[in-house]
2 protein chains.
Amino acid sequence: MLDHLAVLDLRFRALADAGRRQMLDRLVDGPATVSQLAAPLRMTLAAVVQHVQVLESSGLVRTRKTGRVRTCSIDADALRATEQWLADRRTTWERRLDRLGTVLDEQPRPTSTTRHDREQGPLT
Amino acid sequence: MLDHLAVLDLRFRALADAGRRQMLDRLVDGPATVSQLAAPLRMTLAAVVQHVQVLESSGLVRTRKTGRVRTCSIDADALRATEQWLADRRTTWERRLDRLGTVLDEQPRPTSTTRHDREQGPLT
DNA sequence: ACTATAGTCAAGTACATGCTTGACCATTTG
DNA sequence: CAAATGGTCAAGCATGTACTTGACTATAGT
């Protein structure tokens with residue numbers, strides 16, 4: 001249930017590489033084989049396979065092997081969920097600004113009264 | 001112009017860490033000092049400062065030092081832009097599915113007619 | 001002035017990532 | 001069947017990341 005955490009790690013990490021994003025960009029236009037993904041990249045096939053594994057274990061891409069060919073395609077739900085994570089944060093921030101009258105005090109809100117408090121908050 | 005690429009690397013990498021995401025979650029509720037961000041985390045202050053630097057150089061967070069206190073806050077534009085990158089890909093994918101009649105051939109689309117073609121696509 | 005607070009800097013360390021090479025296996029295709 | 005194609009596996013290596021510790025600086029409170 002709470003490797004929800006790890007999933008976000010994997011998804012964002014998968015996205016944090018220009019080569020992998022380029023593969024994703026190819027994949028939004030439709031499924032492609034590993035070799036097709038490799039074609040525009042200056043990298044060995046082996047390297048591309050590793051990137052595909054990263055994308056797959058992040059859940060952003062699913063793959064299926066037929067004969068000797070592995071076909072990759074986007075998992076839209078994963079994409080949507082990741083987008084949503086960002087959207088949630090953004091809207092929380094924006095709601096807060098609205099509540100405050102758009103531009104006013106940007107003072108750091110004190111966490112409690114004074115001294116060093118060390119509670120353990122739940123991970124997010 | 002095209003370190004646009006590097007910016008996305010930095011943003012997604014910044015997001016690919018549970019600790020940093022937790023800081024972001026704190027920050028959407030309003031600006032906070034480094035110590036306030038550190039409080040719920042089991043990490044030295046020095047480590048937190050390094051995370052803040054990662055967040056700042058990704059552009060997701062801006063900071064300002066007043067006296068001895070550094071105050072951090074969300075940069076909503078950066079958040080929005082990152083969200084938008086995902087949204088663009090998702091909608092491209094969805095438009096494609098619509099065009100195809102929602103569930104039909106998921107065959108890998110041949111890049112052109114037959115044999116090994118090696119064009120150079122633009123980076124993304 | 002004296003002490004605590006808030007943060008900074010510079011090493012150093014352990015582990016993760018991105019890539020390569022080279023051997024290898026499984027399917028096509030001539 | 002033989003050769004080409006598409007992909008896989010396992011090292012190995014260079015760099016990057018996520019910390020830690022310990023020394024140090026700049027402000028604030030008493």
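Per chain, numbering begins at 1; letters A, B, ... match sequence-line order. Computed from heavy atoms alone, side chains included, the values below leave out hydrogens, waters and symmetry copies.
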Shared hydrophobic cluster, B/V48 / B/I74 (ILVMFWY, side-chain heavy atoms < 4.5 Å):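 Looking at the clustering, B/I74 is in the same group as B/V48.
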
Is there a side-chain contact between [X] and [Y], using heavy atoms and a 4.5 Å cut-off?
| X | Y | result |
| --- | --- | --- |
| B/D88 | B/Q84 | yes |
| B/L27 | B/V61 | yes |
| B/C72 | B/T33 | no |
| B/L60 | B/D75 | no |

Among A/L8, A/L86, A/D9, the one residue meeting side-chain contact (heavy atoms from CB on, under 4.5 Å) with B/L15: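 In the set A/L8, A/L86, A/D9, the residue that makes a side-chain contact (heavy atoms from CB on, under 4.5 Å) with B/L15 is A/L86.
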
A/R20 (side chain) donor-acceptor with A/R13 (main chain) under 3.5 angstrom: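 Side chain of A/R20 to backbone of A/R13: a pair is present.
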
Taking atom [atom2] of [N] as reference, at what distance in whole Å does atom [atom1] of [X] sit?
| X | N | atom1 | atom2 | answer |
| --- | --- | --- | --- | --- |
| A/L45 | C/dC24 | CG | P | 19 Å |
| A/M43 | C/dT21 | CE | C1' | 16 Å |
| A/K65 | C/dC25 | NZ | P | 14 Å |
| A/R42 | C/dG18 | CZ | P | 18 Å |
| B/D9 | D/dT17 | CG | P | 10 Å |
| A/R68 | C/dT27 | CZ | P | 10 Å |

Short side-chain N/O contact to D/dT8 OP1/OP2 from A/R70, under 4.0 Å: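 For D/dT8, OP1 or OP2 has a side-chain N or O of A/R70 closer than 4.0 Å.
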
Side-chain N,O (B/R13) to OP1/OP2 (D/dT17) below 4.0 Å: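 So the side-chain polar atoms of B/R13 do come within 4.0 Å of the phosphate oxygens OP1 or OP2 of D/dT17, strictly under.
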
First of A/G67 and A/R20 reached from the 5' end of DNA chain C, by closest nucleotide: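 Counting from the 5' end, the first nearest nucleotide belongs to A/R20.
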
Nearest-nucleotide 5' precedence on DNA chain C, B/V34 against A/D17: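 Going by which nucleotide is closer to the 5' end, it is B/V34.
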
Angle of first-five versus last-five pair axes in the helix from C/dA1-D/dT30 to C/dG30-D/dC1, to 10 degrees: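 One end's axis against the other's: 30°.
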
A/D29 and B/R96: CA distance, side-chain angles, deciding distance, salt bridge (Lys or Arg N to Asp or Glu O under 4.0 Å) verdict: CA-CA 7 Å; A/D29 290 335; B/R96 180 187 152 272; over 6 Å; no

All side-chain hydrogen bond (donor to acceptor under 3.5 Å, both in side chains) counterparts of A/E94, not counting sequence neighbours: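 For A/E94, the residues satisfying side-chain hydrogen bond (donor to acceptor under 3.5 Å, both in side chains) (neighbours in sequence not counted) are A/R90, B/R80.
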
Whichever of B/T66 and B/A46 has its nearest DNA chain D nucleotide further upstream toward 5':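 Nearest-nucleotide comparison on DNA chain D picks B/A46.
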
DNA chain D-proximal residues of residues 50-64 of chain A, any heavy atom under 4.0 Å: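 Residues of residues 50-64 of chain A that come under 4.0 Å of DNA chain D do not exist, since none gets that close.
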
